[in-house]
Structure formats: C-alpha cells, structure tokens
Amino acid sequence: MAILITGGAGYIGSHTCVELLNAGYELVVLDNFSNSKPEVLRRIKEITGKDFTFYESDLLNVDAIESIFSQHDINAVIHFAGYKAVGESVSEPLKYYHNNITGTLNLCDAMSRHGVYDLVFSSSATVYGVPKQVPITEDSPLGATNPYGRTKQMIEEILRDLHVSDNRWSVALLRYFNPIGAHESGKIGEDPNGIPNNLMPYISQVAAGKLEQLNVFGDDYETLDGTGVRDYIHVVDLAKGHLKALESVLLTTGVDAYNLGTGFGHSVLEMVDAFEQASGQKIPFVIKERRPGDVDSCFADTRKANQKLNWAAEKTLTNMCKDAWNWQSNNPTGYTEANDLVTSIQIAP
Ligand code: NAD
Ligand code: UFG
C-alpha cells in the first residue's frame with residue numbers, strides 16, 4: 001500500500017514527503033519539474049535516510065497516470081501538483097485552467113478507475129477572496145478574485161460533486177494561508193524561479209544581497225502599522241497538517257475544508273523586523289503603491305483543524321525566519337548547482 005504524492009518535488013510537497021517518510025509511509029511521487037528541480041529528490045532521501053519511487057510524469061498525460069496506478073497499490077493521494085502564480089494566471093488563464101483543472105480531472109478519473117477514493121487536496125486561502133471578517137472560518141463566503149484562485153474554488157466544487165455522485169469519496173480540502181520557512185536541516189526549502197513574487201523569499205534574497213531592497217506594497221491599509229497582514233505558517237507545520245488530514249480521510253468519507261494557518265496575523269513590517277532579528281541581516285525597504293488585488297488583512301480561524309484533525313501549528317515566527325535564512329544562506333542559488341547529481345528517475349509510462 002502506498003500514498004501517491006502529485007507535485008511532490010515542489011516546495012510544500014517535498015516537506016510533506018519528508019514527514020510522511022519519517023512516519024513510515026511508502027510513497028510514490030510524481031512531478032513534471034515544471035516548477036521544481038530533480039535535486040530535491042536526493043535531498044529528501046538524504047534527510048530521511050529512506051527511499052521512494054519517483055516518476056517524472058505530467059498529470060495531463062492520461063496514459064502516464066494510468067500506468068502509475070496500474071503498477072502500484074495506491075490507497076490514497078495527496079494532490080499538490082498545479083500552477084500557483086497569481087499574476088501569471090491573470091495573463092495566461094487557459095494555462096492555469098487547463099493544468100490545474102484538467103490535471104485534477106485526470107487524477108480523479110484514474111483514482112476512481114482503480115478504486116481509490118481518499119484524497120487530500122491543496123486548496124488555498126485565496127478561495128475566500130476579500131474576507132468579510134477575520135479570522136476567517138471555513139464557512140465564510142468564497143469569492144476568488146483571479147483565475148488561479150478560481151481553479152482552486154472550482155476544484156473544491158468538483159470534488160464535492162464527486163462525493164455527491166459516489167459517497168465512497170473522502171476528501172480534505174486544505175486551505176493554506178501563507179507557507180514560509182524551510183526544513184530545519186537547511187537542505188530543502190522554497191526555490192522560486194526568477195524574482196520572487198511573495199514576501200518571504202523576496203526578503204531572504206534582499207538579506208543575501210541578491211536583491212537591493214524590499215518594496216513594501218502600501219502603508220495605508222486598515223492595519224496596526226498600515227502594511228498588509230497575513231497568517232504566515234511554517235512549511236513543516238503545514239506538512240504535518242497533511243499527515244493528520246491523510247489519517248482523517250482514510251478513516252472517514254465526505255468532503256471537509258480546513259484552514260491551515262496559525263490563527264495569527266503579522267504585518268509586512270513585523271516580518272521585516274522578525275527576519276532582521278533572526279538573521280542578523282539588515283533588510284532595507286521602501287514604501288511603494290499598493291499591489292493590485294491585495295487585501296488589508298487575512299488570517300485563519302483554525303479551530304476546525306485543531307478539533308477535527310487534532311492539528312495545530314507549533315513553530316514560532318522566529319523559527320520560520322531562522323529556517324528561511326538557513327536555507328537561503330546554505331543554498332544561495334537554490335537547487336540549481338547540484339542538478340547533475342540526480343540519478344534513477346523513472347519516466348512513466
Ligand atoms: P510548487 O510549484 O513548489 O509545487 C507544485 C509542484 O507541482 C511543482 O513541483 C511542479 O513541478 C508540479 N506540477 C505542476 N503541474 C504539474 C503537472 N501537470 N503534472 C505534474 N506535476 C506538476 O508549489 P507549492 O508552493 O509547493 O504549492 C503546492 C500546492 O499548494 C499547489 O497546488 C499550490 O497552488 C498550493 N498552494 C500553495 C501556496 C503557497 O503559498 N506556496 C498557498 C496556497 C496553496
Ligand atoms: N508584499 C510586499 N512586498 C513584496 C511581496 C509582498 O509588501 O515584495 C506584501 C503583500 O502586499 C502582502 C504580504 O506582503 O501584504 C504578503 O504577500 P505574498 O505575496 O507573500 O502573499 P499573498 O498573501 O499575497 O498570497 C499568497 C500566495 C497566494 C495564496 C495566498 C494565500 O501568493 O497564492 O498567499 O495562501 F493564495
């Protein structure tokens with residue numbers, strides 16, 4: 001019996017693979033490396049001392065997915081694979097609808113053909129759009145404001161429809177808030193292509209001297225210091241939430257959405273301060289115009305995940321910043337330098 005991890009070479013997927021391997025699960029991992037590097041696989045094995053099967057496969061390739069399900073006794077799936085850049089989704093919506101939605105449809109088709117009905121899905125707090133109130137509860141109205149977010153909202157609906165059609169489906173919709181940080185070993189972390197869009201990798205690269213200064217997008221929000229407030233969660237806490245969600249879908253049926261956050265909001269300037277203290281590096285910044293589409297404040301009500309999944313984030317803001325800096329300073333060019341070290345990747349089918 002194995003757990004299939006789609007997008008397992010990515011940022012959150014790789015950290016989740018480590019936690020699952022440490023917990024003794026057998027893994028089959030697939031990724032097309034559209035936003036990740038093969039080197040991460042070697043690092044996962046190095047951290048855990050455990051092996052797993054990997055396929056360089058695309059969820060858009062129906063035959064490849066079929067072949068993986070035919071060759072392995074899969075009993076549940078954790079589905080990370082998808083594109084995630086909000087801005088790019090606005091300029092290239094078809095690319096996002098096709099990859100995220102068609103990819104998920106192909107996966108669910110293969111799952112039902114092979115009698116696999118247990119699924120943990122990477123959704124996002126972005127499905128809430130402009131929050132009506134904070135902290136945000138799971139029953140708050142949904143209203144994604146960009147194509148990326150709409151792919152997540154649509155997939156949530158598709159998975160609910162699947163359960164209506166066949167009540168053997170058991171699905172956890174995990175709505176992540178803002179994952180940051182890295183594994184404490186400094187061997188795996190976030191490795192964005194080009195100039196980062198998100199706050200934490202941008203701050204890390206300013207600290208490392210790769211970028212000159214941080215642009216703070218707006219200081220006139222309805223928040224304590226005027227800068228945007230978000231719920232930053234350590235990626236290892238998030239990964240552990242997947243283990244709890246997996247245990248839950250294996251035991252129950254139905255579709256449930258869960259907020260995975262800390263329940264606490266921090267402003268951009270608080271993040272700058274926390275990072276400076278954790279890293280000992282100065283983060284020069286300038287205040288710029290608001291970024292279109294950003295909201296004042298977004299943080300989770302985490303009581304449902306606390307109670308129903310028996311999960312809570314444990315790591316502090318200092319842990320998040322120290323681990324982000326440890327990853328950045330040990331891997332100034334991300335995974336790129338070591339790509340040639342990877343061996344034994346299988347291509348499916
Ligand atoms: P990531 O880009 O690092 O990981 C996604 C992985 O999926 C990548 O390795 C990529 O190569 C792979 N992939 C994409 N399309 C594929 C396809 N068609 N077939 C096979 N592999 C494919 O992203 P992440 O930050 O690890 O996010 C994982 C999931 O969580 C995504 O679905 C993302 O939308 C969601 N999410 C992320 C965040 C965040 O801030 N990082 C927040 C909310 C939700
Ligand atoms: N910010 C800056 N400067 C930057 C980058 C960000 O000031 O260079 C600010 C933003 O304005 C915002 C905060 O930092 O106030 C956080 O921005 P991020 O881009 O890091 O994160 P978002 O909350 O905008 O969005 C992220 C992901 C989305 C996901 C959402 C909720 O990009 O895909 O978290 O999970 F949906």
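Read the numbers this way: they start at 1 and go in the same order the structure lists the ligands and their atoms.
- Backbone and side-chain nitrogen or oxygen atoms of Pro179 are examined, and none is located within less than 3.5 angstrom of a nitrogen or oxygen of ligand 1.
- Here the heavy atom of the protein found nearest to atom 13 (N) of ligand 1 is Asn32 OD1, 3.4 Å.
- A cation-pi arrangement is found for Lys45 relative to Phe52, the charged atom lying closer than 6.0 Å to the ring centre and inside a 45° cone about the ring normal.
- The minimum heavy-atom distance between Asn259 and Ile136, with the atom names listed, is ND2-O, 2.7 Å.
- For Asp294, a nitrogen or oxygen atom sits less than 3.5 Å from a nitrogen or oxygen atom of ligand 2, counting backbone and side chain alike.
- Listed by atom number, the atoms of ligand 2 under 4.0 Å from Asn197 heavy atoms are 5 (C), 19 (O).
- Protein heavy atom closest to atom 31 (C) of ligand 1, with residue, atom name and distance, is Phe80 O, 3.1 Å.
- For Asn198, heavy-atom contacts with ligand 2 shorter than 4.0 Å involve the backbone as well as the side chain.
- Ion pairing between Arg43 and Glu46 fails under the 4.0 Å rule for side-chain N and carboxylate O.
- Only the backbone of Phe33 comes within contact range of ligand 1, with a heavy atom under 4.0 Å; no side-chain atom does.
- Closest to atom 12 (C) of ligand 1, if we only count protein heavy atoms, is Asp31 OD1, 3.3 Å.
- Between Trp327 and Tyr335, the angle of the ring planes lies from 30° to 60°, which puts this pair in the tilted group.
- Judged purely by atom type and a 3.5 angstrom limit, Ser248 has no side-chain atom pairing as donor or acceptor with the backbone of Lys244.
- In this structure, of Glu190, Lys84, His15, Met200, the residue bringing a heavy atom nearest to atom 23 (O) of ligand 1 is Lys84.
- Closest to atom 2 (O) of ligand 1 among all protein heavy atoms lies Asn35 ND2, 2.7 Å.
- Heavy atoms of Ser57 come nearer than 4.0 angstrom to ligand 1 in at least one pair.
- Looking at atom 17 (O) of ligand 2, its nearest protein heavy atom turns out to be Arg291 NH2, 3.4 Å.
- Of all atoms in ligand 2, listed by their number and element, those nearer than 4.0 Å to a heavy atom of Phe177 are 31 (C), 35 (O).
- Within the listing of ligand 2, atoms 2 (C), 3 (N), 4 (C), 7 (O), 8 (O) sit less than 4.0 angstrom from a heavy atom of Asn215.
- For Arg230, a nitrogen or oxygen atom sits less than 3.5 Å from a nitrogen or oxygen atom of ligand 2, counting backbone and side chain alike.
- A side-chain N or O of Tyr96 and one of Glu88 form a donor-acceptor pair less than 3.5 Å apart.
- The closest approach between a heavy atom of Tyr221 and any atom of ligand 2 is not below 4.0 Å.
- In terms of N/O distances under 3.5 Å, ligand 2 is approached by Phe217.
- Judged purely by distance below 3.5 Å, without hydrogens or angles, the side chains of Asp323 and Asn319 never pair a donor atom with an acceptor atom.
- Judged purely by distance below 3.5 Å, without hydrogens or angles, the side chains of Asp118 and Asn75 never pair a donor atom with an acceptor atom.
- Once rounded to the nearest 0.5 Å, the distance linking NE2 of His266 with CG of Asp231 reads 8.0 Å.
- Of the candidates Tyr232, Tyr176, Tyr128, Tyr232 brings a heavy atom nearest to atom 13 (C) of ligand 2.
- Among all non-hydrogen protein atoms, the one lying nearest atom 26 (O) of ligand 1 is Ile12 N, 2.8 Å.
- Residue Ala9 places no N or O, backbone or side chain, under 3.5 Å from any N or O of ligand 1.
- At a heavy-atom distance under 4.0 Å, only side-chain atoms of Asn99, from C-beta outward, approach ligand 1.
- No donor-acceptor contact under 3.5 angstrom links the side chains of Ser67 and Ser70, judged on distance only.
- Between Ser34 and ligand 1 there is a heavy-atom distance shorter than 4.0 Å.
- Within the 4.5 Å cutoff, no side-chain heavy atoms of Asn32 are placed close to those of Asn61.
- The protein atom (non-hydrogen) at minimum distance from atom 34 (O) of ligand 1 is Tyr148 OH, 2.7 Å.
- At under 3.5 Å, not a single nitrogen or oxygen of Val86, backbone or side chain, sits near a nitrogen or oxygen of ligand 2.
- Using 4.0 Å as the threshold, Phe285 has no heavy atom nearer than that to any atom of ligand 2.
- At least one heavy atom of Lys152 sits closer than 4.0 Å to an atom of ligand 1.
- For ligand 2, the polar-atom distance check finds no N/O of Met200 at less than 3.5 Å from any of the ligand's N/O atoms.
- Of the protein's heavy atoms, Gly10 CA, 3.4 Å lies nearest to atom 4 (O) of ligand 1.
- Residue contact annotation: Ser14 has no non-hydrogen atom under 4.0 Å from ligand 1.
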